[in-house]
Amino acid sequence: MSHKRLVIGDVHGHYEALCSLFNHIAPTQEDQVYFLGDLIDRGPESSQVVEFVMKNDYHCILGNHEIMLLDALGNGKLNHQAFQSWLQNGGNATVMSYGHKMPSPEHLDWMKSLPFFFDLGDYWLVHAGVDPRLNITQQSPDQFCWIRSEFHSTEKAYFKDKTIIIGHTITFTFNGLKPGQIAKGEGWLGIDTGVYHHGQGWLSALDLNTDTVYQVDSFGKNFRSLPLSEVTHNVNTRKLFARRQKALF
């Protein structure tokens, strides 16, 4: 039996959906599991999501929401401006999930240890993307965790021998894409299917070994498994976004 290589899109505190997804997929200890960051914020149970990923020793990279949290609290003292920005972008839900307290030192230290990307050989995992004008050694956390249009609009694959997998940008905000669809650009795939948008969002996992997409809705009630080819839609690089939303951050 072949093992899985699962890449999980942005969870955003939706622990029930995450548990439902894993109950259906049932990964074993031999399977490799990777999270693309943004475990926290917006959803109701960020602390439980972080604990789940930590305790199972799953691989995870930094997302922009972890960066916002660490900017606000990670230096051992409160940065008031960064703290207010984080709260306004979903951090208030994270504080509530910790019992109206700040995240535990254990969780903060774990987030500080997370890398910005994983190179799997045939795939390269990063939260937001890369600046196509810069080589890897010139990229910064801003590119890895925040970039959008410059990366999405590139008409040439960044790597010749590997596909970039990203989260960060909800796929149905791309022009022409519908809820649940996987975005495909030149040399990259986007699998953030907007779980925190209740009613149309999904939490997605992609098995890199079988090109299978597993999805569960925001409430963890509806599950589906589909070939990657059936749910992938090409991104129009000339007209990227159908709509821009503040909630995208």
Side-chain angles (χ1 to χ4, degrees), residues 4-27 31-70 86 89-98 103-104 107-108 110-111 114-118 125-128 144-145 165-173 179-180 182-183 189-208 213-224 247-249:
K4 298 182 180 71
R5 278 191 302 167
L6 295 167
V7 183
I8 317 297
D10 304 25
V11 182
H12 280 301
H14 280 78
Y15 180 64
E16 293 298 324
L18 180 61
C19 288
S20 176
L21 185 68
F22 271 63
N23 286 339
H24 282 96
I25 300 174
D31 295 328
Q32 300 173 39
V33 179
Y34 300 88
F35 285 82
L36 291 176
D38 279 9
L39 301 180
I40 63 170
D41 297 349
R42 305 202 186 285
E45 297 172 312
S46 290
S47 63
Q48 292 92 326
V49 173
V50 173
E51 187 72 11
F52 176 84
V53 177
M54 282 181 59
K55 294 304 182 183
N56 284 286
D57 200 25
Y58 291 137
H59 303 286
C60 186
I61 56 179
L62 273 169
N64 62 301
H65 281 262
E66 285 82 25
I67 290 288
M68 285 192 288
L69 169 56
L70 293 176
W86 173 57
N89 283 285
N92 57 331
T94 297
V95 172
M96 291 177 64
S97 78
Y98 283 91
S104 67
H107 284 193
L108 289 174
W110 178 77
M111 291 182 200
L114 298 179
F116 289 107
F117 60 85
F118 286 119
L125 314 183
V126 69
H127 181 66
F144 292 143
C145 296
I165 309 291
I166 64 166
H168 186 54
T169 301
I170 297 171
T171 59
F172 63 72
T173 63
I182 303 301
L189 294 172
I191 66 168
D192 177 8
T193 42
V195 64
Y196 67 86
H197 282 269
H198 300 162
Q200 58 183 339
W202 296 83
L203 178 61
S204 293
L206 170 60
D207 185 352
L208 302 178
V213 175
Y214 304 98
Q215 295 182 325
V216 67
D217 67 13
S218 302
F219 307 103
K221 297 184 181 300
N222 296 304
F223 172 82
R224 62 191 186 188
L248 285 174
F249 294 106

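Residue numbers start at 1 and run along the sequence shown. What you see is a predicted model; the values in this text were computed from it and never measured.
Counting heavy atoms from C-beta outward, I40 and V49 have side chains that stay 4.5 Å or more apart. In this structure the side chain of L114 never reaches within 4.5 angstrom of the side chain of I61, judged on heavy atoms.
In this model, a donor atom of one side chain and an acceptor atom of the other lie less than 3.5 Å apart for Q215 and S204. In summary, the side chains of H65 and H127 do not present any donor paired with an acceptor at a separation below 3.5 Å, with no hydrogens or angles considered.
Here the CG atom belonging to L62 is positioned 14.5 Å from the CZ atom belonging to F35, to the nearest 0.5 angstrom. In this structure, the separation between CZ on F118 and CG on L36 is 10.0 Å, given to the nearest 0.5 Å. With rounding to the nearest 0.5 Å, the separation of CZ in R5 from CG in L125 is 9.0 Å. Annotation: the span from E16 atom CD to K221 atom NZ amounts to 9.0 Å, rounded to 0.5 Å. Annotation: the span from L21 atom CG to I8 atom CD1 amounts to 5.5 Å, rounded to 0.5 Å. Rounding to the nearest 0.5 Å places NE2 of H14 at 10.5 Å from CZ of R42.
Residues I67 and C145 come closest through the heavy atom pair CG1-SG, 3.9 Å. Residue S104 comes nearest to Y98 through the heavy atom pair N-CE2, 3.8 Å, listed as atom of the first residue, atom of the second, then distance. The two residues A128 and H168 come nearest to each other via the heavy atoms CB-CD2, 3.4 Å. In plain terms, the two heavy atoms of V195 and A17 that are nearest each other are CG2-CB, 4.3 Å. Considering all non-hydrogen atoms of both residues, G220 and S20 come closest at O-OG, 2.8 Å. Nearest heavy-atom pair, C60 versus L39, reported as atom, atom and distance to 0.1 Å: SG-CD1, 3.9 Å.
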**Prompt:** Should L206 and I165 be marked as a side chain to side chain contact (heavy atoms under 4.5 Å, CB included) after you check the CA-CA gap, both sets of side-chain angles, and the distance that decides it?
**Reply:** CA-CA 10 Å; L206 170 60; I165 309 291; 4.3 Å; yes

**Request:** Applying side chain to side chain contact (heavy atoms under 4.5 Å, CB included), run through T169 and D192 and close with a yes or a no.
**Result:** CA-CA 6 Å; T169 301; D192 177 8; 5.9 Å; no

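With respect to Y58, the ring pair (Phe, Tyr, Trp, His ring centres under 6.0 Å) criterion is satisfied by exactly one of Y34, F22, W110: F22. The side chain to side chain contact (heavy atoms under 4.5 Å, CB included) with V50 is formed by just one residue from the set K55, M111, E66, E45; it is M111.
The backbone N or O of V33 lies less than 3.5 Å from no partner atom in the side chain of H59, so there is not a single donor-acceptor pair. With T193 contributing its side chain and W202 its backbone, the two residues share a donor-acceptor pair below 3.5 Å. Using modelled atom types, no side-chain atom of D41 and backbone atom of G13 make a donor-acceptor pair closer than 3.5 Å. Q32 places no side-chain N or O within 3.5 Å of a backbone atom of L6 that could act as its donor or acceptor partner. When atom types are taken as modelled, the side chain of D38 and the backbone of D10 share no donor-acceptor pair closer than 3.5 angstrom. The backbone N or O of A183 sits nowhere less than 3.5 Å from a side-chain atom of T171 that would complete a donor-acceptor pair. Between the side chain of S97 and the main chain of T94, a donor-acceptor pair closer than 3.5 Å is present.
Atom CE of M54 has more than 12 heavy atoms from other residues, nucleotides or ligands within 6.0 Å.
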